[in-house]
There are 4 protein chains.
Amino acid sequence: MTIASEQIRSFLERIERLEIEKKIIADDIKEVYSEAKSSGYDAAVLRKIVSIRKLDANERMEQEAIMDLYLSALGMLPDDSEIVIDDQFAGA
Amino acid sequence: MTIASEQIRSFLERIERLEIEKKIIADDIKEVYSEAKSSGYDAAVLRKIVSIRKLDANERMEQEAIMDLYLSALGMLPDDSEIVIDDQFAGA
Amino acid sequence: MTIASEQIRSFLERIERLEIEKKIIADDIKEVYSEAKSSGYDAAVLRKIVSIRKLDANERMEQEAIMDLYLSALGMLPDDSEIVIDDQFAGA
Amino acid sequence: MTIASEQIRSFLERIERLEIEKKIIADDIKEVYSEAKSSGYDAAVLRKIVSIRKLDANERMEQEAIMDLYLSALGMLPDDSEIVIDDQFAGA
DNA sequence: CACTGGAAAATGCCGC
DNA sequence: GCGGCATTTTCCAGTG
């Protein structure tokens with residue numbers, strides 16, 4: 001058996017192992033929704049809440065990312081000075 | 001020529017016409033970014049701003065959607081009364 | 001407000017306006033597929049047809065471009081020949 | 001704070017915790033593909049192989065299920081046979 | 001059990 | 001040419 005095929009086999013095994021783990025977790029998530037439903041909660045509402053909170057987190061990350069962009073665009077990113085940016089476009 | 005093929009042809013033409021329009025607009029957008037770049041602005045920063053504002057709009061819509069979900073879950077949706085919901089989970 | 005921020009604002013508005021138009025058209029396309037489906041056609045098949053015709057159109061354009069190269073190499077190409085986008089799908 | 005909201009909060013936390021784990025694994029998978037690419041392999045081809053093996057595994061599971069049906073119809077199936085997930089990819 | 005909506009995967013595209 | 005990003009397509013669970 002060539003080295004290449006060994007290496008490929010190794011990559012495939014790692015990927016497939018991870019996919020199995022991922023599937024298990026996805027099933028766990030479904031299970032939690034089922035549980036919630038059994039407890040009388042509306043799964044659709046829960047899903048919506050989760051998705052909105054995800055959006056929130058997402059946006060926070062994007063805000064940080066754009067701040068970095070601003071700073072790099074300004075040739076800044078100083079080692080230890082305080083910076084205040086007037087983010088006039090952030091909100092509207 | 002059968003009626004069916006006429007109808008299919010009509011659907012295809014409508015779709016393809018719309019796709020052409022869409023492509024033209026996409027090209028227009030690219031052109032604006034190029035212009036901005038020529039004016040000395042960083043296209044990446046602009047893209048980021050646009051995407052964040054899109055996220056904002058998105059989240060606003062989602063908030064409204066979940067509000068409807070809450071109301072329907074409560075069997076409410078009254079015709080003309082004011083409603084205040086304590087959205088304890090909205091923010092965190 | 002500085003000139004720069006005015007200019008940025010202008011770029012953003014143009015981009016966002018165009019993106020709205022693009023989204024409207026994308027929704028129109030979805031609507032046509034829905035209509036087709038309501039008329040008893042398989043949307044997936046229609047999508048396939050559209051994509052195949054797009055490929056064909058690309059090939060045709062490439063061949064025409066090559067043809068133009070030959071012609072111009074022979075000095076046989078008119079100076080002001082226009083590119084007519086609508087021709088792209090006319091023959092299929 | 002009501003019991004209900006406590007319970008909801010708990011469900012949300014469990015779900016979000018699981019989704020984070022899921023995302024970590026998804027990122028790990030991407031990383032493996034990147035690694036493979038760096039080693040000179042075509043990620044697209046690897047993806048194809050993985051999907052084919054997944055199909056194979058599904059078929060195998062279905063065939064085993066059918067086999068079990070036959071066996072149980074014949075009263076030849078042990079009562080407590082366990083489903084072993086790791087077997088899914090063992091043979092490929 | 002077909003449909004719709006949303007999540008995930010795959011593809012294509014653009015700038016560096 | 002490659003990585004990252006946006007779009008597209010596919011898949012699948014949930015719902016009526």
Side-chain angles (χ1 to χ4, degrees), chain A residues 15 18-19 22-23 25-34 36-37 41-52 54-55 58 61-62 65-66 69 72, chain B residues 15 19 22-23 25-27 29-34 36-38 41-48 50-52 54-55 58 61-62 65-66 69 72, chain C residues 15 18-19 22-23 25-27 29-31 33-38 40 42-52 54-55 58, chain D residues 15 18-19 22-23 25-27 29-31 33-52 54-55 58:
Chain A
I15 290 166
L18 287 168
E19 297 221 322
K22 189 150 76 86
K23 180 158 191 1
I25 293 178
D27 289 344
D28 287 348
I29 291 173
K30 269 179 221 147
E31 211 180 304
V32 177
Y33 278 116
S34 293
K37 195 169 185 180
Y41 299 108
D42 184 335
V45 173
L46 288 180
R47 281 174 198 282
K48 209 38 143 185
I49 294 173
V50 169
S51 84
I52 288 179
K54 206 183 288 180
L55 282 185
N58 222 323
M61 285 172 60
E62 293 282 278
I66 202 178
L69 273 181
S72 66
Chain B
I15 289 165
E19 297 221 321
K22 187 150 77 88
K23 180 158 192 358
I25 293 178
D27 289 343
I29 292 173
K30 269 179 219 147
E31 211 180 305
V32 177
Y33 279 115
S34 293
K37 194 170 186 180
S38 301
Y41 299 109
D42 184 335
V45 173
L46 289 179
R47 279 175 199 282
K48 206 45 139 181
V50 169
S51 85
I52 288 179
K54 206 183 289 180
L55 281 185
N58 221 324
M61 286 172 60
E62 293 283 279
I66 202 176
L69 271 182
S72 66
Chain C
I15 290 166
L18 288 168
E19 298 221 323
K22 187 151 76 91
K23 183 167 190 345
I25 292 178
D27 289 343
I29 292 174
K30 275 188 206 139
E31 212 180 306
Y33 279 116
S34 293
E35 245 186 83
K37 191 171 189 178
S38 301
D42 185 332
V45 172
L46 288 179
R47 282 176 200 282
K48 265 276 174 277
I49 294 174
V50 169
S51 78
I52 288 172
K54 205 182 289 181
L55 283 184
N58 284 340
Chain D
I15 291 166
L18 288 167
E19 298 221 323
K22 189 151 73 88
K23 183 166 189 348
I25 293 178
D27 289 343
I29 293 174
K30 275 189 205 137
E31 212 180 305
Y33 279 116
S34 293
E35 245 186 83
K37 191 171 189 179
S38 301
S39 301
Y41 300 109
D42 185 333
V45 172
L46 288 179
R47 282 176 200 281
K48 266 276 174 276
I49 294 174
V50 168
S51 79
I52 289 172
K54 204 182 290 181
L55 283 185
N58 283 340

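Just so we're on the same page: letters track the sequence lines, and every chain starts at 1.
- Between A:V32 and A:D28, the closest side-chain pair of non-hydrogen atoms is not below 4.5 Å.
- Between the CG atom of A:N58 and the C1' atom of E:dA7 there is a distance of 14 Å, rounded to whole Å.
- Spacing between atom CD1 of A:I29 and atom P of F:dA13 amounts to 13 Å, rounded to whole angstrom units.
- Distances shorter than 4.0 Å separate some side-chain N or O of A:K37 from OP1 or OP2 on F:dT15.
- Two residues, B:K54 and D:S38, neighbour DNA chain F, and the one matched to the more 5' nucleotide by heavy-atom proximity is D:S38.
- A straight line from CD of C:E35 to P of E:dC3 spans 16 Å, rounded to a whole angstrom.
- For F:dT7, one of the phosphate oxygens OP1 or OP2 lies less than 4.0 angstrom from a side-chain nitrogen or oxygen of C:K22.
- Atom CD in A:E31 sits roughly 16 Å away from atom C1' in F:dA13 (whole-Å rounding).
- Between A:K23 atom NZ and E:dA7 atom P the separation is 17 Å, expressed in whole Å.
- Expressed to the nearest 0.5 Å, how far NZ of C:K30 lies from CD1 of B:I15 amounts to 13.0 Å.
- Of the two residues contacting DNA chain E, namely A:S51 and D:A44, the nearest-nucleotide position lying further toward the 5' end is that of A:S51.
- Nucleotides of DNA chain E nearest to B:K30 and A:K48 differ in position, and the one nearer the 5' end is that of A:K48.
- Distance CG (C:D27) to C1' (E:dT4): 15 Å, rounded to an integer number of Å.
- Between the P atom of F:dG1 and the CG atom of D:D42 lies a distance of 14 Å, rounded to the nearest Å.
- Under the 4.5 Å side-chain criterion, counting only non-hydrogen atoms from C-beta, C:L18 is not in contact with C:K22.
- Atom OH in C:Y33 sits roughly 17 Å away from atom P in E:dC3 (whole-Å rounding).
- C:K23 is listed as a side-chain neighbour of C:D27, based on a closest heavy-atom distance under 4.5 Å.
- Among the heavy atoms of the strands lying under 4.0 Å from A:R47 are primed sugar atoms or P, OP1, OP2 only; no base atom is included.
- Shown here for A:L46 and A:A36, the closest heavy-atom pair between the two residues is CD1-CB, 3.4 Å.
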